[in-house]
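Just so it is clear: chains get the letters A, B, ... in the order the sequence lines come, proteins before strands, and each one is counted from 1. Atoms considered below: every heavy atom in the structure, side chains included; atoms not considered: hydrogens, waters and symmetry mates.
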Amino acid sequence: MMNELVILKLKQIADILEIIGESVYKIRAYRKAVEALNLVTEDISVLVEEGKLKDIPGIGDAISTKIDVIVKTGDSYYLQKLTQEVPLEVTSLMRVEGIGGKTAGRLYQELGIKSIAGLEEAIETGALSKLSSFTEGKIEKIQRAIKFLKRGRTALPKIEKIAYGLREKLMQSKLLTKVDIGGSFRRRKSTVRDLDFHAIGKPENFEKAMKYFTEMEEVIDVIATGKLKTTVKLFNNMNVDLRILEEESDGAGLLYSTGARSHTIKLRTLAEKKELLLNEYGLYNKDKSKLLASETEEDVYAGLGMCFIPPELREDRGEIEAAMKNALPALITMEDIKGDLHTHTNYSDGKATLEEMIKGAEQKGWEYVAITDHYGKNKIYNPLDEEKLQKQKKELGKLVEEVEINVLHGLEIDIIKTGEIEVSKEILKEMDFVIASIHSHFDLPEEEMTQRILTALDNEYVNAIGHPTGRMFSKRADYGLNFSKIAKKCTQTNTWLEINAQPDRQDIDDHLVFDLKEKALIYIGTDAHYVKDYNFMQWGINVARRSWCEKKHILNCLSFKELQKMIK
DNA sequence: GCCGTTTTCGGCCCGACTGTTTTCAGTCG
């Protein structure tokens, strides 16, 4: 899709504008457009064709014209013109923490530094220290920042233990009365870049608490430290913010810490329209003489004329407008889940026995579970063959006598390079639930990849597409797919799309589910290989909640009877 | 550059920390 290229070019334009010192509002306009486009899952080139670009808030005449050019030519004349003044490479300097547009511009103008390598060289030769305002301390800070440049995003499940551990330690200090984790962590995003701690304490303890925070053993560097706000770097390169407030600001502070920034900005703008002022301390009247609400988030939202908005929805995606009309979705919860449709046993690459997996699902209180071991030629997964399948079937027949839970005997099969399924229809038609997934050739072009799945959808015995985009946060990006085509065909063929709840996958992504939930049939599968993996369901629930899903949108919220009727 | 239930022009969220700026610009969230 074109979208990534458009977003990249607009980002580059914003960066260059910042370096050459353009109006902050113009820069903000470009950044806002980027944010808006990040939420768009349709193909931008289609929006251009249909003339719908300007329907997106934040995109007006000038930016839509620029997008038009990017879509048609693959490049931006405007950006090319800008880069005659400042080479594009200079924007890379802004990736260094503490260096913004102004500093990057100075480095280029005064020393001709264009890249991080050039910056390192200028530090080594002492050229940088000759520049005014570049003191020894500041240069040291830049050096450390360069060392830690690689700040990627981490899958939320991977950071949860560390985050709760830090919270526990902060509480143990006895210097704080309450510690919450806000930010994208609280919004339950699939990945997080940093952690935002929101704490409550007594003013006389603020400084001691900050000192305690910066001296924790997990902290390897202190980025900034004050009485009210401190930023540190953890051993894993992740930044952690701690904001301390007094008890009366708990709600307003948590709201501020949780974000998303676009959500907060929308709320503050709304407050201003109502002749009010909103900051992390509270909601005030215009001249700040009177505090109107601050103790709980509910109070602040109520003060702005809306109901409480669950953190997962706070992205400025229409949740504020919905809350004002009291029309927020009744988000799906773990209690709504009636079963799991994607699991493995040690008949293939799972680590638990068939009995353990079935009884484990029953322990979860679920009504049903589908056992979907691998079948096929890809030896990595220790797949079933006909003989092993028959043996499993026999064992399953005995086990179902011992348990209350309903068991679907299913398979996970490979979509090979051509999109074909190599398992015979005689075998497939005997199965209760068949998931087809891509396990090889991840790097084909979008059109071929899409066609591959469309071909698989032609197989009348395929019930679902497993981990549809193939992304793994620690390994590879998603392969490009045309989801409007795929969703359409899925509906036609009654084939379901999976939200794979594996921590490293969380696939399909919440942005896609947000768009597809009314157009396609979607379920959450844990892809469990151990009994404890059933707990992965929570990551799938997160994705669904962030996508505004109610239980009606997720098929494994159906009772077993209803589910059976739905399966083709 | 975007936007409009006071505005098609004149605004644009708000505040903390850093550095050397003796009153504020730059950066960040």
Side-chain angles (χ1 to χ4, degrees), chain A residues 10 13-15 17-19 21-36 53-67 78 93-107 131-142 145 151 182-185 187 192-198 206-207 210 214 222-232 239-245 249 252-253 255-284 286 288 304 316 320:
Chain A
L10 294 181
I13 290 171
D15 283 351
L17 290 176
E18 206 164 336
I19 290 168
E22 253 290 359
S23 140
V24 289
Y25 300 112
K26 193 193 251 194
I27 296 160
R28 197 176 297 170
Y30 275 93
R31 299 229 186 270
K32 222 180 151 185
V34 166
E35 248 179 73
L53 259 188
K54 284 201 281 179
D55 294 351
I56 302 169
I59 295 182
D61 288 328
I63 293 184
S64 74
T65 306
K66 274 154 195 128
I67 293 175
Y78 181 58
L93 297 172
M94 293 167 70
R95 295 198 347 255
V96 179
E97 195 155 27
I99 296 183
K102 290 281 162 10
T103 312
R106 276 195 67 198
L107 291 170
L131 237 56
S132 74
S133 85
F134 282 86
T135 54
E136 200 179 323
K138 188 165 174 178
I139 291 174
E140 245 174 61
K141 215 173 156 182
I142 290 174
R151 272 184 73 203
S184 45
F185 186 90
R187 301 200 311 278
V192 299
R193 184 180 289 281
D194 45 28
L195 293 171
D196 300 279
F197 282 85
H198 156 82
F206 281 11
E207 273 173 89
M210 288 306 186
T214 57
V222 179
I223 309 287
T225 181
K227 195 180 163 195
L228 304 172
K229 187 182 163 188
T230 288
T231 305
V232 300
N239 279 9
V240 185
D241 282 355
L242 174 62
R243 186 81 169 84
I244 312 182
L245 294 154
S249 296
L255 186 61
Y256 160 80
S257 275
T258 301
R261 205 139 88 235
S262 52
H263 178 87
T264 314
I265 290 173
K266 180 68 91 51
L267 290 180
R268 289 178 175 189
T269 311
L270 198 72
E272 213 210 340
K273 284 195 186 120
K274 291 175 183 271
E275 306 261 290
L276 304 170
L277 179 131
L278 176 65
N279 59 26
E280 56 264 54
Y281 299 100
L283 182 67
Y284 301 84
K286 209 173 180 180
K288 245 176 161 177
L304 290 167
D316 188 20
I320 291 170

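- Distance CD/Glu207(A) to CD1/Ile244(A): 10.0 Å, rounded to 0.5 Å.
- Residue contacts for Leu278(A): at a heavy-atom cut-off of 4.0 Å it reaches the sugar-phosphate backbone alone, with no base atom in range.
- A pairwise comparison of heavy atoms in Gly58(A) and Ala33(A) identifies O-CB, 4.0 Å as the closest pair.
- Partners of Phe185(A) by ring pair (Phe, Tyr, Trp, His ring centres under 6.0 Å), not counting sequence neighbours, listed by chain and number: Tyr164(A).
- Atom CG in Leu255(A) sits roughly 17 Å away from atom P in dC13(B) (whole-Å rounding).
- The residue Ile265(A) sits close to a base: some heavy atom pair falls under 4.0 Å.
- Note: CG (Leu10(A)) to P (dG1(B)) measures 12 Å, nearest angstrom.
- Straight-line distance between the C1' atoms of dG15(B) and dG10(B): roughly 24 Å, to the nearest whole Å.
- At the heavy-atom level, Lys266(A) lies nowhere under 4.0 Å from the strands shown.
- Legend: residues meeting side-chain hydrogen bond (donor to acceptor under 3.5 Å, both in side chains) with Tyr281(A), ordered by chain and number and at least two apart, are Arg243(A).
- Here Asp196(A) pairs with nothing under the side-chain hydrogen bond (donor to acceptor under 3.5 Å, both in side chains) rule; sequence neighbours left out.
- For dA16(B), the OP1/OP2 oxygens have a side-chain nitrogen or oxygen of Tyr281(A) closer than 4.0 Å.
- A straight line from CD of Glu35(A) to P of dC2(B) spans 15 Å, rounded to a whole angstrom.
- Distance, Tyr25(A) OH to dC13(B) C1': 10 Å, rounded to whole Å.
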Classify every nucleotide of nucleotides 18-29 of chain B by which part a protein heavy atom approaches to under 4.0 Å, writing B for the base, S for the sugar-phosphate alone and - for neither, in 5'-to-3' order. S-S-----SSSB
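- Where Leu17(A) and Leu277(A) each meet DNA chain B at their nearest nucleotide, the meeting point lying more 5' is that of Leu17(A).
- In this structure, Arg28(A) places its CZ atom 15 Å from P of dG1(B), rounding to the nearest Å.
- Not one side-chain nitrogen or oxygen of Lys26(A) sits closer than 4.0 Å to the OP1 or OP2 atom of dC12(B).
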When the side chains of residues 23-30 of chain A are checked against the rest of the protein, which donor-acceptor pairs come out under 3.5 Å, sequence neighbours left out?
residue, atom, partner, partner atom, Å
Ser23(A), OG, Tyr25(A), N, 3.0
Ser23(A), OG, Lys26(A), N, 3.1
Lys26(A), NZ, Glu22(A), OE2, 3.1
Tyr30(A), OH, Lys66(A), NZ, 3.4

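- Shortest non-hydrogen contact noted between Ser184(A) and Arg193(A) is OG-N, 4.4 Å.
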In 5'-to-3' order, the base (B), backbone-only (S) or no-contact (-) status of each nucleotide in nucleotides 3-8 of chain B, using a 4.0 angstrom heavy-atom cut-off, is S-----
